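Heavy atoms only: backbone and side chains are in, while hydrogens, waters and symmetry mates are out. The model shown is predicted, which means the values in this text are computed figures rather than measured ones.
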Amino acid sequence: MPSSKMILRRLLGSAIAIILSISVWSIAPAAQAFDNPDLLPTEQTPIIDLAKTFTPIQEENLVKEIDKFEADTGWKLRILTQYDRTPGRAVRKYWNLDEKSVLVVSDSRGGNTLNFRVGDDVYKLMPRTFWIELQTRFGNMYYVRENGEDSAITDSLEAVKTCLVRGGCNVVPGLPKEQWILTLTSSIIGGVICGFAGQYRKPGEGFAWQWALIFSPLWGILFLAFGVAPVITRTSEWLPLFRNCAGFAIGVLVAFLAPIIGQSNPSEEL
């Protein structure tokens, strides 16, 4: 005979299972509302702003820019902002999204507010890594917090337009301050490693090029791959490149002269 405790546990488990079943059943109809074509406007517009991200003036100007860009280039740009409600896949038929389309989806509920739906012809010009960088640069919470969700959308759209006009991009144009600081730091560290490697081993010896060349894979990757390449591929401005080269040179000089600077003459005993 089962004990009273055993019977109580079974009853409690059955009650929990029933409650969960009722909860799932009651939530199910609400989940269907997240794919609701009734949220689509009756007239054709390149922007569906369900989250009310843009002001009426902003939306009007942005619609004109998108329509003009499509008329001039043939590329179709669309924007969907959502929060609690979304038309879901119904936008594909509403906008007739095809191989030449780029859909920017903004949803502030996640850690990153931006997502992109890209046609096959667009992927030929901008690879998947481009869209990952675009999402992380403009959709991260810090950028949205400082510039606003509307600027995150429009700035990412401007980067897409720039690359489509150029005929393609492998990286996102522009060099943000945070990214430039990382390239400068990498350049300085590369210079320090090169300077330490080139320190003289014997008194009167100059810069040890042999040792610097031995360590060149390390400081070369830091300076060239992480310090120079991200700059020249994202901007044509010479000032960030000059600063990174100067940082590398200063790092070499400081590290190479460190033993000389550290030397101290013995004090004469009186």
Side-chain angles (χ1 to χ4, degrees), residues 111-116 118 123-147 151-152 155-156 158-160 162-163 166-264:
N112 194 297
T113 63
L114 296 180
N115 281 289
F116 301 92
V118 184
Y123 265 130
K124 295 177 183 178
L125 302 180
M126 279 112 50
R128 189 173 300 275
T129 53
F130 171 91
W131 301 101
I132 295 174
E133 182 183 352
L134 188 69
Q135 182 187 42
T136 54
R137 178 184 297 188
F138 296 111
N140 68 81
M141 65 177 67
Y142 302 104
Y143 190 91
V144 174
R145 185 183 303 166
E146 293 181 3
N147 301 278
S151 294
D155 291 349
S156 65
E158 283 300 318
V160 172
T162 299
C163 289
R166 288 181 182 177
C169 295
N170 290 322
V171 295
V172 179
L175 187 67
K177 182 179 179 181
E178 296 79 8
Q179 190 172 14
W180 171 72
I181 291 176
L182 289 176
T183 63
L184 177 62
T185 303
S186 179
S187 300
I188 294 174
I189 294 175
V192 170
I193 293 174
C194 181
F196 274 120
Q199 286 179 355
Y200 61 89
R201 268 64 181 173
K202 299 177 182 179
E205 188 179 45
F207 190 84
W209 289 105
Q210 297 86 347
W211 285 98
L213 290 175
I214 291 174
F215 284 90
S216 61
L218 181 55
W219 61 260
I221 290 175
L222 289 170
F223 175 53
L224 298 176
F226 298 119
V228 174
V231 176
I232 62 178
T233 55
R234 287 167 173 80
T235 180
S236 58
E237 296 181 5
W238 62 270
L239 187 57
L241 181 62
F242 172 78
R243 289 173 174 172
N244 286 10
C245 293
F248 176 80
I250 292 173
V252 172
L253 188 63
V254 171
F256 178 73
L257 296 178
I260 301 176
I261 297 174
Q263 286 179 353
S264 59

Worksheet item: Is the number of heavy atoms from other residues, nucleotides or ligands within 6.0 Å of OH (Y123) greater than 12?
Response: yes
Discussion item. With a 6.0 Å cut-off (strictly less than), is the heavy-atom count around CG of N170, excluding the residue itself, greater than 12?
Written reply: no
Item to complete: Give the C-alpha distance, both sets of side-chain angles, the deciding distance and a yes or no for side chain to side chain contact (heavy atoms under 4.5 Å, CB included) between R243 and L239.
Response: CA-CA 6 Å; R243 289 173 174 172; L239 187 57; 3.5 Å; yes
Worksheet item: About how many Å separate CG of L241 and OG of S236, when rounded to the nearest 0.5 Å?
Response: 11.0 Å
Worksheet entry | CA sep, side-chain torsions, deciding dist, call: F207, V252, side chain to side chain contact (heavy atoms under 4.5 Å, CB included) | CA-CA 11 Å; F207 190 84; V252 172; 4.3 Å; yes
Worksheet item: Would a distance-only check, ignoring hydrogens and angles, find a side-chain to backbone donor-acceptor pair under 3.5 Å from T235 to V231?
Response: no
Worksheet item: Using the ring of each side chain (for Trp, its six-membered ring), is F223 parallel, tilted or perpendicular to F248, with breaks at 30° and 60°?
Response: parallel
Practice prompt. Measure the spacing between CZ of F130 and CD of Q135 and express it to the nearest 0.5 Å.
Written response: 12.0 Å
Item to complete: Could you tell me the separation between the CG atom of D155 and the CG atom of L114, rounded to the nearest 0.5 Å?
Response: 10.0 Å
Item to complete: Could you pull out the closest heavy-atom pair between V144 and A152, with the gap in Å?
Response: CG2-CB, 4.0 Å
Worksheet item: Could you state the interatomic distance from CG (L222) to CD1 (I188), rounded to the nearest 0.5 Å?
Response: 12.0 Å
Identify every side-chain donor-acceptor pair in residues 174-182 under 3.5 Å, counting partners at least two apart or on other chains, and give the distances.
unit_1 : atom_1 : unit_2 : atom_2 : d
Q179   : OE1    : R137   : NH2    : 3.4
W180   : NE1    : N244   : OD1    : 3.1

Fill in: Side-chain (S187) to main-chain (C245) donor-acceptor, under 3.5 angstrom
no
Item to complete: Output yes when a side-chain donor or acceptor of W211 lies under 3.5 Å from a complementary backbone atom of F196, and no otherwise.
Response: no
Worksheet item: For F256 and G198, which heavy atoms make the closest approach, and how far apart are they?
Response: CE1-O, 3.2 Å
Practice prompt. Measure the CZ-CE distance between R166 and M126 for me, rounded to the nearest 0.5 Å.
Written response: 11.0 Å
Worksheet item: Would you say F226 has more than 12 foreign heavy atoms packed within less than 6.0 Å of its CZ?
Response: no
Worksheet, complete the sentence: Between T183 and P230, the two heavy atoms sitting closest are CG2-CB, 3.9 Å
Discussion item. My understanding is that only residues two or more places apart in sequence, or in another chain, count here; which of them pass side-chain contact (heavy atoms from CB on, under 4.5 Å) with A197?
Written reply: F215
Discussion item. According to ring-ring contact (aromatic ring centres under 6.0 Å, His included), who are the partners of Y143, at least two apart in sequence or on a separate chain?
Written reply: F138
Worksheet entry | Smallest separation among heavy atoms of L213 and S216, with atom names | O-OG, 2.6 Å
Worksheet item: Quick one: SG on C169 to CZ on R234, what's the gap to the nearest 0.5 Å?
Response: 10.5 Å
Worksheet entry | Shortest non-hydrogen contact from N147 toward S151 | O-OG, 3.1 Å
Practice prompt. Locate the shortest heavy-atom distance separating A159 from L134; write the atom from each residue and the value.
Written response: CB-CD1, 3.8 Å
